[in-house]
Amino acid sequence: MDVPPLHPGPFSDELLVLQADHRSAYVWEGELLDQTLRARRVDDLCDFMRGRDFHPHVVQRLRDTSFYRIFQIGQLQLDWSLITALIEWWRPDTHTFHLSIGEATITLQDVEVLYGLSADGQPVALPQYIRSMSCAQYLDLLQQFTSFRAQDETAASGASRMALTTIRQHLEILHPDITGKTDDLHIHRYTRLVLLLLFWGCLVPEHFGKSSELAISTSSSAAR
């Protein structure tokens, strides 16, 4: 059976107003790009996990948070060519993939199935008093919950940023000390740092623009 040719571009630019700046415009105009896109990614979590297994006490606490499955998935081998092709079919105007079978997008249910994270229940949000904290107050809170405080914080763009590498290096020191006799407080603090490394090094690496750094809000940045 003969397959009818597929129209390479949008039939109308009335809705897709960003088409002229879209990567696919070059492809559809015959200017094929041989550059395979590669997303920026943070390797601090992968470097820490490589060759290390969590103590059962830590595993149980990670299971209680429902994030342990992400650690089990580990570092996936990504098909960059497939991702590049999907980018060419992604429309920023509508936030959907425009495929030959119709439009499709990523939903919370997809995240729930892939990562085992619950998409139901109440959302988690920072209380207002935390949003208005100064950098020093935030670091004090971080030290209170994790017993960790970076010694070389640097200021940038009105907010203090802390390199994730410093967290990973601190965890590398703590890891051998986790045993069956380790007290619960120490395990709780260790687990919180592991989750911090997961959130900013894996789940939301681009949220603050610099994926290798954790942004610490100040009063001025929170006001924005």
Side-chain angles (χ1 to χ4, degrees), residues 40-50 52-71 111 115 117-119 121-224:
R40 290 184 299 170
R41 59 189 305 170
V42 178
D43 293 326
D44 282 295
L45 178 64
C46 298
D47 290 342
F48 175 71
M49 293 296 298
R50 190 175 294 115
R52 290 186 175 90
D53 294 321
F54 289 128
H55 189 275
H57 289 178
V58 177
V59 170
Q60 182 57 51
R61 282 161 178 76
L62 291 175
R63 289 187 188 276
D64 292 340
T65 65
S66 300
F67 286 104
Y68 183 61
R69 178 176 171 83
I70 301 179
F71 291 100
V111 177
Y115 286 114
L117 299 175
S118 176
Q122 296 295 321
V124 177
L126 287 177
Q128 185 60 40
Y129 78 91
I130 293 183
R131 294 174 181 269
S132 59
M133 276 184 173
S134 67
C135 173
Q137 288 174 325
Y138 182 87
L139 291 175
D140 288 341
L141 190 64
L142 178 66
Q143 185 174 21
Q144 175 186 341
F145 284 106
T146 66
S147 75
F148 171 74
R149 186 186 183 102
Q151 300 301 315
D152 56 349
E153 309 98 39
T154 57
S157 303
S160 178
R161 295 180 179 271
M162 182 172 59
L164 290 177
T165 302
T166 61
I167 298 177
R168 188 204 74 208
Q169 292 171 343
H170 185 68
L171 283 170
E172 290 173 348
I173 296 174
L174 296 180
H175 187 83
D177 295 334
I178 304 295
T179 67
K181 297 181 179 180
T182 304
D183 63 86
D184 288 342
L185 179 60
H186 188 69
I187 291 178
H188 276 304
R189 289 173 171 173
Y190 174 91
T191 305
R192 287 166 181 160
L193 278 177
V194 169
L195 289 173
L196 189 62
L197 195 64
L198 171 69
F199 293 151
W200 265 265
C202 180
L203 296 185
V204 285
E206 300 296 329
H207 186 66
F208 289 101
K210 292 187 177 181
S211 57
S212 62
E213 297 176 337
L214 166 64
I216 304 173
S217 64
T218 64
S219 296
S220 58
S221 62
R224 292 196 295 270

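What you see is a predicted model, and the numbers here were worked out from it, not measured in a lab.
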Enquirer: Among all residues two or more places apart in sequence or in another chain, which pass the side-chain hydrogen bond (donor to acceptor under 3.5 Å, both in side chains) test with Glu172?
Expert: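 By the side-chain hydrogen bond (donor to acceptor under 3.5 Å, both in side chains) rule, Glu172 matches Arg168.
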
Enquirer: Apply ring-ring contact (aromatic ring centres under 6.0 Å, His included) to Tyr68 and list each qualifying residue two or more places apart in sequence or on a separate chain.
Expert: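 Listed in chain order: nothing, the list is empty.
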
Enquirer: Which residue in the set Leu198, Leu171, Ile167 passes side chain to side chain contact (heavy atoms under 4.5 Å, CB included) when paired with Phe48?
Expert: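 Checked Leu198, Leu171, Ile167 against Phe48; only one passes side chain to side chain contact (heavy atoms under 4.5 Å, CB included): Leu171.
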
Enquirer: Quick one: side-chain hydrogen bond (donor to acceptor under 3.5 Å, both in side chains) partners of Asp184, sequence neighbours excluded?
Expert: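 Here the qualifying residues are Arg61.
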
Enquirer: Is there side-chain contact between Leu196 and Phe148, with heavy atoms separated by less than 4.5 Å?
Expert: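 No. Closest side-chain heavy atoms not under 4.5 Å.
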
Enquirer: Excluding sequence neighbours, so at least two apart, what forms side-chain hydrogen bond (donor to acceptor under 3.5 Å, both in side chains) with Thr182?
Expert: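 Once residues adjacent in sequence are excluded, the partners of Thr182 under the side-chain hydrogen bond (donor to acceptor under 3.5 Å, both in side chains) criterion are Thr179.
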
Enquirer: Start with the C-alpha gap between Tyr115 and Phe67, add the side-chain angles, then the distance that decides, and say whether ring-ring contact (aromatic ring centres under 6.0 Å, His included) holds.
Expert: CA-CA 8 Å; Tyr115 286 114; Phe67 286 104; 9.5 Å; no

Enquirer: For Pro176, check side chain to side chain contact (heavy atoms under 4.5 Å, CB included) against everything at least two apart and list the hits.
Expert: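 Expected list: none.
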
Enquirer: Taking Ser134's backbone N and O only, do any of them form a donor-acceptor pair with Gln137's side chain (distance below 3.5 Å, no angle check)?
Expert: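 Indeed, once roles are kept as given, a pair shorter than 3.5 Å links the two residues.
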
Enquirer: Got a sec, which residues hit side-chain hydrogen bond (donor to acceptor under 3.5 Å, both in side chains) with Gln60, two or more places apart in sequence or on another chain?
Expert: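 Gln60 satisfies side-chain hydrogen bond (donor to acceptor under 3.5 Å, both in side chains) with Asp64 only.
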
Enquirer: Step by step, work out the side-chain contact (heavy atoms from CB on, under 4.5 Å) result for Phe71 and Val59.
Expert: CA-CA 10 Å; Phe71 291 100; Val59 170; over 6 Å; no

Enquirer: Can you give me every donor-acceptor pair (side chain of residues 188-195, partner residue at least two apart or in another chain, under 3.5 Å) with its distance?
Expert:
| unit_1 | atom_1 | unit_2 | atom_2 | d |
| --- | --- | --- | --- | --- |
| Tyr190 | OH | His175 | ND1 | 2.7 |
| Thr191 | OG1 | Ile187 | O | 2.8 |
| Arg192 | NH1 | Phe145 | O | 2.9 |

Enquirer: Any idea which heavy atoms bring Asp177 and Ile173 closest together, and the distance?
Expert: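 Asp177 and Ile173 have their closest heavy atoms at OD2-O, 3.7 Å.
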
Enquirer: Residues two or more places apart in sequence or in another chain: which of them pass ring-ring contact (aromatic ring centres under 6.0 Å, His included) with His55?
Expert: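 Once residues adjacent in sequence are excluded, the partners of His55 under the ring-ring contact (aromatic ring centres under 6.0 Å, His included) criterion are His57.
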
Enquirer: Show every salt bridge (Lys or Arg N to Asp or Glu O under 4.0 Å) that has at least one partner inside residues 134-144, sequence neighbours left out.
Expert: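 Counting only pairs at least two positions apart or across chains, the salt bridge (Lys or Arg N to Asp or Glu O under 4.0 Å) contacts touching residues 134-144 are Asp140-Arg149.
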
